[in-house]
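Report on the following structure.
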Amino acid sequence: MRRNVPLAIALITGLLMITTSYLPTMDDIYQLARQWMPVISAFAFFLGIVSYFMHHTIKIRRKVKDYWFSVASLAAFLIMVGAGLLCRWWPSLVGSLDGKAHESVFNWLYMYMLVPMESTMFALLAFYIASSAFRAFRARNFEATLLLVAATLVMLGRVPIGEWTWEGFTQVQQWIMEFPNTGAKRAIFIGVGLGMASTSLKLILGVERAYLGKGD
């Protein structure tokens with residue numbers, strides 16, 4: 001029963017939404033479903049928070065390797081939520097910093113803690129990307145050589161030194177990005193679309209049941 005009801009809901013909802021895409025007379029049902037989406041998203045968000053806490057509290061209780069990261073994650077979550085609630089409910093208490101009305105505690109934590117940490121993370125990613133590019137661009141075979149040549153031409157067309165060396169690098173770079181690159185992107189998008197369609201059908205027909213969990 002616990003499995004049949006979710007499977008039936010997924011089947012009916014999936015078929016109904018597919019039908020609304022082909023029958024204009026069912027547009028009212030589509031609009032009604034769109035009104036339900038924020039409510040369902042709110043419940044999903046709540047379940048995500050519960051799952052988040054359970055995952056990290058279990059790691060902390062068992063003291064698994066690097067469980068201090070879970071402690072820091074939960075502490076950061078509680079601090080941000082607490083700051084947001086305080087600024088929302090008691091703006092006169094902690095509504096501003098340094099006399100600036102727009103600089104709330106929540107905004108201060110976001111702008112001066114979260115944003116710098118994200119910038120640091122993306123800055124470190126540049127070194128990993130450079131390392132991956134160095135390994136991928138080794139001319140071991142025809143495909144790797146083609147990738148190396150195309151990447152070199154694109155980089156020379158994007159940086160000032162390439163334009164100073166030869167003005168044609170810019171035109172070559174534009175041609176590569178507009179034609180071969182666009183064709184490859186469209187092929188990837190078609191593959192992604194087919195994968196999404198097949199996964200949706202598997203969910204609707206009950207073939208894919210991972211969302212039901214491992215219990216009976």
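This structure is a prediction, so every number in the text was calculated from the model and none was measured.
- Closest non-hydrogen pair, L7 versus R209, comes out as CD1-CZ, 3.7 Å.
- I49 and V39 are not part of a single hydrophobic cluster, where members link through side-chain heavy atoms under 4.5 Å apart.
- Grouping Ile, Leu, Val, Met, Phe, Trp and Tyr by side-chain contacts under 4.5 Å, direct or through others, puts W36 with L32, I40.
- Partners of L125 according to the side-chain contact (heavy atoms from CB on, under 4.5 Å) rule, which considers only residues two or more places apart in sequence or in another chain, are F122.
- No option in T199, L11, I12, T13 other than L11 meets the side chain to side chain contact (heavy atoms under 4.5 Å, CB included) test with I204.
- Residues I9 and M37 are members of separate hydrophobic clusters, defined by side-chain heavy-atom contacts under 4.5 angstrom among Ile, Leu, Val, Met, Phe, Trp and Tyr.
- Screening residues 117-126 for side-chain hydrogen bond (donor to acceptor under 3.5 Å, both in side chains) gives no qualifying pairs among residues at least two apart or on separate chains.
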Using distance only, find each side-chain donor-acceptor pair of residues 164-178 under 3.5 Å and give its atom names and separation, not counting sequence neighbours.
{"residue": "T165", "atom": "OG1", "partner": "I161", "partner atom": "O", "Å": "2.7"}
{"residue": "Q173", "atom": "OE1", "partner": "R158", "partner atom": "NE", "Å": "2.6"}
{"residue": "Q173", "atom": "OE1", "partner": "R158", "partner atom": "NH2", "Å": "3.2"}

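- For the side-chain contact (heavy atoms from CB on, under 4.5 Å) test, residues two or more places apart in sequence or in another chain that qualify with L85 are V81, W89.
- Contact of the R34 side chain with the Y30 side chain is registered, since non-hydrogen atoms from C-beta on lie closer than 4.5 Å.
- Note that CH2 of W108 is 12.0 Å distant from CE of M111, once rounded to the nearest 0.5 Å.
- Hydrophobic clustering places L153 together with F179 (ILVMFWY residues linked when any side-chain heavy atoms are closer than 4.5 Å, directly or through intermediates).
- Shown here is M113, whose CE atom has no more than 12 heavy atoms of other residues, nucleotides or ligands within 6.0 Å.
- Residue F142 belongs to a hydrophobic cluster whose other members are L146, with links defined by side-chain heavy atoms closer than 4.5 Å.
- If you chain together hydrophobic residues whose side chains sit under 4.5 Å apart, L109 and V115 fall into the same group.
- Screening residues 61-72 for side-chain hydrogen bond (donor to acceptor under 3.5 Å, both in side chains) gives H56-S70 as the qualifying pairs, with residues at least two apart or on separate chains.
- Judged as a side-chain hydrogen bond (donor to acceptor under 3.5 Å, both in side chains), the pairs with a partner in residues 42-55 (not counting sequence neighbours) are, in order, Y52-S73.
- E143 pairs by the side-chain contact (heavy atoms from CB on, under 4.5 Å) definition with N141, not counting sequence neighbours.
- Rounding to the nearest 0.5 Å places OG of S200 at 11.0 Å from CD of E208.
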Please tabulate, for side-chain N and O atoms in residues 16-23, each donor-acceptor pair with protein atoms closer than 3.5 Å (sequence neighbours left out).
{"residue": "T19", "atom": "OG1", "partner": "L15", "partner atom": "O", "Å": "2.7"}
{"residue": "T20", "atom": "OG1", "partner": "M17", "partner atom": "O", "Å": "2.6"}
{"residue": "S21", "atom": "OG", "partner": "M17", "partner atom": "O", "Å": "3.4"}

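- Residues L74 and I60 are in side-chain contact: their nearest non-hydrogen atoms beyond the backbone lie under 4.5 Å apart.
- Alongside F69, the hydrophobic cluster contains no other residue (criterion: ILVMFWY side chains under 4.5 Å).
- If you chain together ILVMFWY residues whose side-chain heavy atoms come under 4.5 Å of each other, I188 ends up grouped with V192, M196.
- Grouping the Ile, Leu, Val, Met, Phe, Trp and Tyr side chains by contacts below 4.5 angstrom, directly or via other members, places Y112 with L114.
- Considering all non-hydrogen atoms of both residues, L148 and T152 come closest at O-OG1, 2.7 Å.
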